[in-house]
Student: 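Could you have a look at this structure, given as structure tokens, before my questions?
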Amino acid sequence: MPECWDGEHDVETPYGMLHVVIHGAPKGNKPAILTYHDVGLNHKLCFNSFFNSEDMLEITKHFVVCHVDAPGTADRGISPATGLAGMLPSVVQHFGFKSIVGVGVGAGAYILAKFALIFPDLVEGLVLLNIDPNGKGWIDWAASKITGLTSNLPDTVLPHLFSQEELMSNTELVQSYRQQIGNTINQVNLQLFWNMYNSRRDLEMNRSGTVLNSKTLKCSAMLVVGDNAPAEEGVVECNSKLDPTNTTFLKMADSGGLPQLTQPAKLAEAFKYFLQGMGYIAYVKDRRLSGGPVPSASMTRLARSRTASLTSGSSIETSRSRTCTHSDSTEGVAPVTQTMEVSC
């Protein structure tokens, strides 16, 4: 375990060195929050504005945060997706984390889900934005190859990150990220990461009872996607493969392809509810209420979607009570007796 937590570290793994950035130190028996960015980005471009926002202070003051940079965003080659997932136990062991709550976007979400399937005991929860559990078919693979021959690399990656509406409008965010992807990301390594992601295999998971010897995520999971995001269809299908009793599905309006950049306040609030449901935050501040902090006993958890369809409204259903025992609060966290399906 290193003497100094905050700062940059190179961690040796069976698949090569991995660059990580740590903020804070472990808090009691709480898991670390471990992030993994999407193709074309690094942890700064993908997560800095979100984790540095005022809305995230309620979370970051309670947890150590570990940002992982894919080898393709440093100066080393790329391993297959299994290799990238296989690097993460070394990070957990190096820093002495008991477990993690993963936050991944796109390719990073796929890698974290793969990690959770291989090493379920190390993962307590996952927040997966824009996850696509499916491998590329031959037609999709050929189309991406043709696009790569006719477009420069940043313009090839941008449709993976942003909605068509954002690209057509050429928003300031799209312009900024086109420039930063071209100027700050190693293009050779970006191409390797892009090729790896486009050659990924299906995540071998299915909801219990749907196929023989089915396997799915054992941890709590929150799936997030923006309306009209390029990953919308994949996220819906991933939702259909997960256990509905511990899966939250959140579709965010007016958020485009990267909700953590366009709607950080909404995503931070959803993340707080998610962690509260796991028993790690005693209460959250609901901006819709004027009374300030709300005791956890009266809070309603975010959606646990029981269908694969997107919902335009909200419905409340009774769910089993879940006793939470992980909070550092002396009063603990009261059992939650209701869940809510939402689209915000």
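Keep in mind that what you see is a predicted model, and the values were worked out from it rather than measured. Count residues from 1 along the sequence.
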Student: Has Gln260 got a side-chain atom pairing as donor or acceptor with Leu129's backbone, closer than 3.5 angstrom?
Tutor: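 Not confirmed, Gln260 side chain does not pair with Leu129 backbone.
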Student: Quick one: CZ on Phe274 to CG on Leu267, what's the gap to the nearest 0.5 Å?
Tutor: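 One finds 11.5 Å between CZ of Phe274 and CG of Leu267.
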Student: Counting N and O atoms only, with roles assigned by atom type, does the side chain of Glu233 sit under 3.5 Å from a partner on the main chain of Ala231, one being a donor and the other an acceptor?
Tutor: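 Here the side-chain-to-backbone pair does not exist.
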Student: Determine, stepwise, if the pair Thr262 / Asp254 fulfils side chain to side chain contact (heavy atoms under 4.5 Å, CB included).
Tutor: CA-CA 8 Å; Thr262 57; Asp254 303 320; over 6 Å; no
Student: Would you kindly say whether His19 and Asp10 are connected by a side-chain donor-acceptor distance under 3.5 Å?
Tutor: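 No pair is found: no donor N or O on one side chain lies under 3.5 Å from an acceptor on the other.
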Student: For the residue pair Pro230 and Gly257, what are the closest heavy atoms and their distance?
Tutor: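 Closest pair (atom of Pro230, atom of Gly257, distance): CD-CA, 4.3 Å.
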Student: Write down the atom of Phe50, the atom of Ala268, and the distance for their closest heavy-atom approach.
Tutor: CE1-N, 3.8 Å
Student: So which atom in Ser163 and which in Glu166 form the shortest heavy-atom distance, rounded to 0.1 Å?
Tutor: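 So the two residues come closest at N-OE1, 2.8 Å.
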Student: Shortest non-hydrogen contact from Leu217 to Ala116?
Tutor: CD2-CB, 3.7 Å
Student: Could you tell me whether the side chains of Asn228 and Glu232 share a donor-acceptor contact shorter than 3.5 Å?
Tutor: no
Student: Are Lys30 and Tyr280 in a cation-pi setup, meaning NZ or CZ lies under 6.0 angstrom from the ring centre and within 45 degrees of the ring axis?
Tutor: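 No, Lys30 and Tyr280 do not form such a contact.
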Student: Between Asp38 and His160, is there a side-chain donor-acceptor contact under 3.5 Å, judged purely by atom types and distance?
Tutor: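 Their side chains do contain a donor-acceptor pair, which is all the 3.5 Å distance test asks for.
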Student: Asn130 and Gly226: which non-hydrogen atoms are nearest, and at how many Å?
Tutor: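 It is OD1-N, 4.4 Å.
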Student: Closer than 4.0 angstrom, basic N to acidic O: yes or no for Lys44 and Asp69?
Tutor: no
Student: State yes or no: are the ring centers of Tyr36 and His43 separated by less than 6.0 Å?
Tutor: no
Student: So, Glu165 and Ser169: side-chain donor and acceptor under 3.5 Å apart, yes or no?
Tutor: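 Note: Glu165 and Ser169 side chains miss the donor-acceptor criterion.
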Student: Does a salt bridge link Asp243 with Arg207, judged by any charged N lying under 4.0 Å from a carboxylate O?
Tutor: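 Looking at Arg207 together with Asp243, the answer is no, because their closest N to O distance does not fall below 4.0 Å.
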Student: Examine Phe95 together with His9 and report whether their ring centres are nearer than 6.0 Å.
Tutor: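 Distance test on ring centres: under 6.0 Å, yes.
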Student: Determine yes or no for a side-chain-to-main-chain donor-acceptor pair under 3.5 angstrom, with Lys272 supplying the side chain and Ile281 the backbone.
Tutor: no
Student: Treating Thr216 as the side-chain partner and Lys241 as the backbone partner, does any N or O pair qualify as donor plus acceptor under 3.5 Å?
Tutor: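 Yes: the side chain of Thr216 pairs with the backbone of Lys241.
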Student: List the steps and the verdict of side chain to side chain contact (heavy atoms under 4.5 Å, CB included) for Val105 and His37.
Tutor: CA-CA 5 Å; Val105 180; His37 59 84; over 6 Å; no
Student: Using distance alone, with no hydrogens and no angle criterion, decide if Glu237 and Asn134 have a side-chain donor and acceptor under 3.5 Å apart.
Tutor: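 Yes, a side-chain donor-acceptor pair sits under 3.5 Å.
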Student: Going by the side-chain contact (heavy atoms from CB on, under 4.5 Å) test, name the single residue among Asn170, Asn152, Val157 that passes it with Arg178.
Tutor: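 One option only clears the test, and that one is Asn170.
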Student: Any side-chain heavy atom of Leu203 within less than 4.5 Å of one from Ile131?
Tutor: yes
Student: Using the rule side chain to side chain donor-acceptor pair (under 3.5 Å), only one of Glu172, Gln179, Gln180 pairs with Ser176; which is it?
Tutor: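 One option only clears the test, and that one is Gln180.
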Student: So, the side chain of Asn239 versus the backbone of Val235: is there a donor-acceptor pair under 3.5 Å, distance only?
Tutor: no
Student: Please report the C-alpha distance between Asp121 and Lys218 in whole Å, then the side-chain angles of each, then the deciding distance to 0.1 Å, and finally whether the salt bridge (Lys or Arg N to Asp or Glu O under 4.0 Å) criterion is met.
Tutor: CA-CA 9 Å; Asp121 293 340; Lys218 296 182 179 179; over 6 Å; no
Student: Under the side chain to side chain contact (heavy atoms under 4.5 Å, CB included) criterion, do Leu122 and Phe115 qualify, and how do the steps go?
Tutor: CA-CA 9 Å; Leu122 297 181; Phe115 172 57; 4.0 Å; yes
Student: Given the rule that I, L, V, M, F, W and Y join up when any side-chain heavy atoms are under 4.5 Å apart, are Val21 and Val101 in one cluster?
Tutor: no
Student: Should we count CD of Glu204 as having more than 12 external heavy atoms under 6.0 Å?
Tutor: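 Not buried by this count: 12 neighbours or fewer within 6.0 Å.
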Student: Okay, side chain of Asp132, backbone of Gly234: is any donor-acceptor separation there less than 3.5 Å?
Tutor: no
Student: Assigning hydrophobic clusters by single linkage (Ile, Leu, Val, Met, Phe, Trp, Tyr; side-chain heavy-atom cutoff under 4.5 Å), is Tyr110 placed with Ile118?
Tutor: yes
Student: Within the distance-only criterion (no hydrogens, no angle test), does the side chain of Thr60 pair as donor or acceptor with the backbone N or O of Met56 below 3.5 angstrom?
Tutor: yes
Student: Would you please indicate yes or no on a ring centroid separation below 6.0 angstrom for Phe51 and His23?
Tutor: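 No; Phe51 has its ring centre 6.0 Å or more from that of His23.
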Student: Indicate the atoms forming the closest heavy-atom contact of Leu223 with Cys238, along with that distance.
Tutor: CD1-C, 4.0 Å
Student: Salt bridge check: are Glu124 and Lys98 linked by an N-O gap of less than 4.0 Å?
Tutor: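 Result for this pair is no, no salt bridge flagged.
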Student: Without swapping roles, check the side chain of Lys251 against the backbone of Phe249 for a donor-acceptor pair under 3.5 Å.
Tutor: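 A pair under 3.5 Å: no.
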Student: Run the numbers on Gln175 and Thr171 for side-chain hydrogen bond (donor to acceptor under 3.5 Å, both in side chains), then give the verdict.
Tutor: CA-CA 6 Å; Gln175 295 179 46; Thr171 64; over 6 Å; no
Student: I'd like to know whether Leu128 forms a side chain to side chain contact (heavy atoms under 4.5 Å, CB included) with Val224, so could you lay out the CA-CA distance, the side-chain angles of the two residues, the decisive distance to 0.1 Å, and finally the verdict.
Tutor: CA-CA 6 Å; Leu128 304 174; Val224 182; over 6 Å; no
